[in-house]
Amino acid sequence: MERISFPPLSRVAICGGTHGNEMSGVYMVRDMQKRKVDRAGSASITTVLSNPHAVDACRRYIDQDINRCFTAALLSAPITDSSPYELRRAQELNAQLGPKGSQEAVDLLCDIHNTTSNMGLCLILYSVDYITLHIYKYIQSKMTSMPVRAIQLDIPLPEAYSFESVGKHGFALEVGPQPNGVVRADIYNMVKEAVDLTMEWLQAFNSGRTFEGGEVEAYTTERSVDYPRDPTTNEITAAIHPQLQDNDFKLLRPGDPTFLTFSGETVKHEGQELYPFFINECAYYEKKIAFHLAKKITLNFPPVSVKKD
């Protein structure tokens with residue numbers, strides 16, 4: 001593949017607290033603001049506490065999940081006295097760091113999240129973005145003591161619903177396991193290293209280094225699985241099976257246990273071999289998701305370098 005040149009990545013946003021009880025991003029942003037970190041070489045850095053009311057309340061959100069509010073339709077929706085707080089805040093963030101899809105948007109947006117699932121360090125990417133794939137490969141090559149994975153969401157930009165889609169290039173850092181409202185040093189340090197490596201890559205790119213092409217593995221969602229439920233009350237009747245719990249990204253084969261009912265019966269996986277992730281994520285109970293199932297894919301990307309004037 002031929003080398004592709006991109007303009008310098010001169011404006012970067014590091015965001016946390018999009019979900020107000022995911023504490024790694026909250027403390028990362030607060031620490032960067034305390035230390036007045038506002039540059040990485042030639043690039044300016046904006047640090048943002050995305051959902052301050054939810055952070056103050058230590059809740060995922062106040063009215064609705066802000067990380068589902070960044071579609072083009074919602075960002076252009078009229079605001080009224082009855083509009084949810086998170087929709088108002090999403091439009092404020094879009095005005096500050098976007099507008100989404102425009103030349104005025106920040107060049108790179110990194111949004112920090114935690115999960116209660118045992119997913120380690122994951123980058124969540126939209127479609128195929130060569131800049132974010134190079135950053136992913138760079139982080140993966142440096143953080144060799146742990147698995148570093150990527151989840152690719154194949155969603156057109158106008159329909160992309162999460163905060164990182166506001167930037168020209170963007171990704172979410174999803175790191176766990178960490179309980180809601182808790183900060184763990186090991187998880188925080190994983191986040192910090194990934195952010196530091198992102199800034200390191202960015203400075204090298206802006207300074208004129210060519211990054212060679214290559215390939216990486218990623219996971220793309222096939223479907224979501226709900227908990228077994230009582231047909232009358234709709235209450236769940238089973239928990240994640242102990243053999244599946246904490247085994248995110250381990251291949252799930254037909255016949256493997258997925259749930260253990262409260263009466264002691266095992267529910268087994270049916271269908272094709274797929275990779276589960278976000279297993280038993282606390283915030284997904286309300287979304288009726290016990291885990292996602294994904295295929296593993298290989299993504300190829302070309303060499304990249306900064307476009308010279």
Side-chain angles (χ1 to χ4, degrees), residues 11-30 32-33 44-116 124-127 129 151 153-174 180-181 221 224 226 234 278 281-289 292:
R11 296 171 58 229
V12 180
I14 305 295
C15 308
T18 300
H19 293 135
N21 56 6
E22 297 177 7
M23 306 310 292
S24 293
V26 171
Y27 285 107
M28 173 69 64
V29 166
R30 285 175 173 168
M32 293 178 73
Q33 290 176 344
S44 66
I45 299 175
T46 301
T47 49
V48 179
L49 205 59
S50 314
N51 194 338
H53 289 186
V55 170
D56 289 344
C58 198
R59 290 167 50 182
R60 182 174 175 87
Y61 55 80
I62 301 300
D63 293 325
Q64 68 183 60
D65 190 341
I66 196 173
N67 216 35
R68 302 296 182 271
C69 290
F70 291 94
T71 63
L74 287 175
L75 291 175
S76 61
I79 295 296
T80 67
D81 291 343
S82 61
S83 296
Y85 161 68
E86 274 82 8
L87 182 59
R88 296 170 183 267
R89 180 60 179 156
Q91 292 194 7
E92 289 174 3
L93 292 167
N94 186 54
Q96 178 185 2
L97 301 177
K100 175 175 173 173
S102 75
Q103 286 303 306
E104 289 73 41
V106 293
D107 297 304
L108 180 66
L109 194 158
C110 172
D111 191 28
I112 302 167
H113 290 261
N114 291 122
T115 174
T116 60
I124 300 180
L125 319 170
Y126 277 107
S127 300
D129 180 333
I151 298 162
L153 304 176
D154 192 14
I155 301 173
L157 185 64
E159 298 169 26
Y161 48 76
S162 50
F163 187 17
E164 66 270 20
S165 68
V166 169
K168 293 189 187 77
H169 310 279
F171 61 90
L173 273 179
E174 189 75 62
N180 293 336
T221 306
S224 302
D226 190 12
N234 207 34
F278 277 125
E281 160 60 43
C282 173
Y284 285 0
Y285 276 73
E286 70 178 23
K287 300 179 188 296
K288 296 186 176 181
I289 296 171
H292 293 308

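All values derive from a computational prediction rather than experimental measurement.
When atom types are taken as modelled, the side chain of Arg60 and the backbone of Asp65 share no donor-acceptor pair closer than 3.5 angstrom. Counting only distance, with no hydrogens or angles, the side chain of Glu104 and the backbone of Pro99 share no donor-acceptor pair below 3.5 Å. For the pair Gln91 (side chain) and Leu74 (backbone), a donor-acceptor distance under 3.5 Å is present. Although no hydrogens or angles enter the test, the distance criterion places a donor-acceptor pair under 3.5 Å between the side chain of Asn114 and the main chain of Met23. Judged by distance alone, with hydrogens and angles left aside, the side-chain atoms of Asp111 form no donor-acceptor pair with the main-chain N or O of Glu164 at under 3.5 Å. A distance-only check finds a donor-acceptor pair linking the side chain of Asp107 to the backbone of Arg11 [under 3.5 Å]. Looking only at distances, no side-chain donor or acceptor of Arg30 sits under 3.5 Å from a matching main-chain atom of Gly25. For Glu86 (side chain) and Asn67 (main-chain N/O), no donor-acceptor pair under 3.5 Å exists by modelled atom type. In this structure a side-chain-to-backbone donor-acceptor pair under 3.5 Å is present from Asn94 to Lys100. With Tyr126 contributing its side chain and Ser162 its backbone, the two residues share a donor-acceptor pair below 3.5 Å.
Using a 4.5 Å heavy-atom threshold, the side chains of Asp154 and Ser127 count as touching. No side-chain heavy atom of Val12 sits under 4.5 Å from any side-chain heavy atom of Cys110. With a 4.5 Å cut-off on side-chain heavy atoms, Cys69 and Tyr161 do not count as touching. Proximity of Ile66 to His53: side-chain heavy atoms (C-beta onward) are nowhere separated by under 4.5 Å. Considering only heavy atoms from C-beta on, Ile62 stays 4.5 Å or farther from Arg89 through its side chain. Counting heavy atoms from C-beta outward, Leu93 and Phe163 have side chains that approach closer than 4.5 Å.
Classified by interplanar angle (parallel below 30°, tilted 30° to 60°, perpendicular above 60°), the ring pair His19/His113 is perpendicular.
The heavy-atom pair separating Leu125 from Phe171 by the smallest distance is CD2-CB, 3.5 Å. Across all non-hydrogen atoms, the minimal contact from Val166 to Phe70 is CG2-CD2, 3.6 Å. Between Ile14 and Met32 the shortest heavy-atom distance is CG2-SD, 4.0 Å. Contact detail for Val106 and Ala13: the closest heavy-atom pair is CG2-CB, 4.3 Å.
To the nearest 0.5 Å, atom CD1 of residue Ile124 and atom CD1 of residue Ile151 are 4.5 Å apart. Between Thr221 atom OG1 and Leu153 atom CG the span is 6.0 Å, to the nearest 0.5 Å. To the nearest 0.5 Å, atom OG of residue Ser165 and atom CD of residue Glu159 are 11.5 Å apart. Separation of atoms CG (Leu109) and NE2 (His169) is listed at 12.0 Å; rounding is to 0.5 Å. Annotation: the span from Thr116 atom OG1 to Glu22 atom CD amounts to 9.0 Å, rounded to 0.5 Å.
The neighbour count for Gln103 CD, taken as heavy atoms of other residues, nucleotides or ligands under 6.0 Å away, does not exceed 12.
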If you apply the rule side-chain contact (heavy atoms from CB on, under 4.5 Å), what do you find for Lys288 with Asn234, and how did you get there?
CA-CA 10 Å; Lys288 296 186 176 181; Asn234 207 34; 2.7 Å; yes
For Glu174 and Thr115, what are the C-alpha separation, side-chain angles and deciding distance, and is it a side-chain hydrogen bond (donor to acceptor under 3.5 Å, both in side chains)?
CA-CA 7 Å; Glu174 189 75 62; Thr115 174; 4.6 Å; no
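Among the candidates Leu97, Thr47, Thr46, Leu49, the single residue satisfying the side-chain contact (heavy atoms from CB on, under 4.5 Å) test with Cys15 is Leu97.
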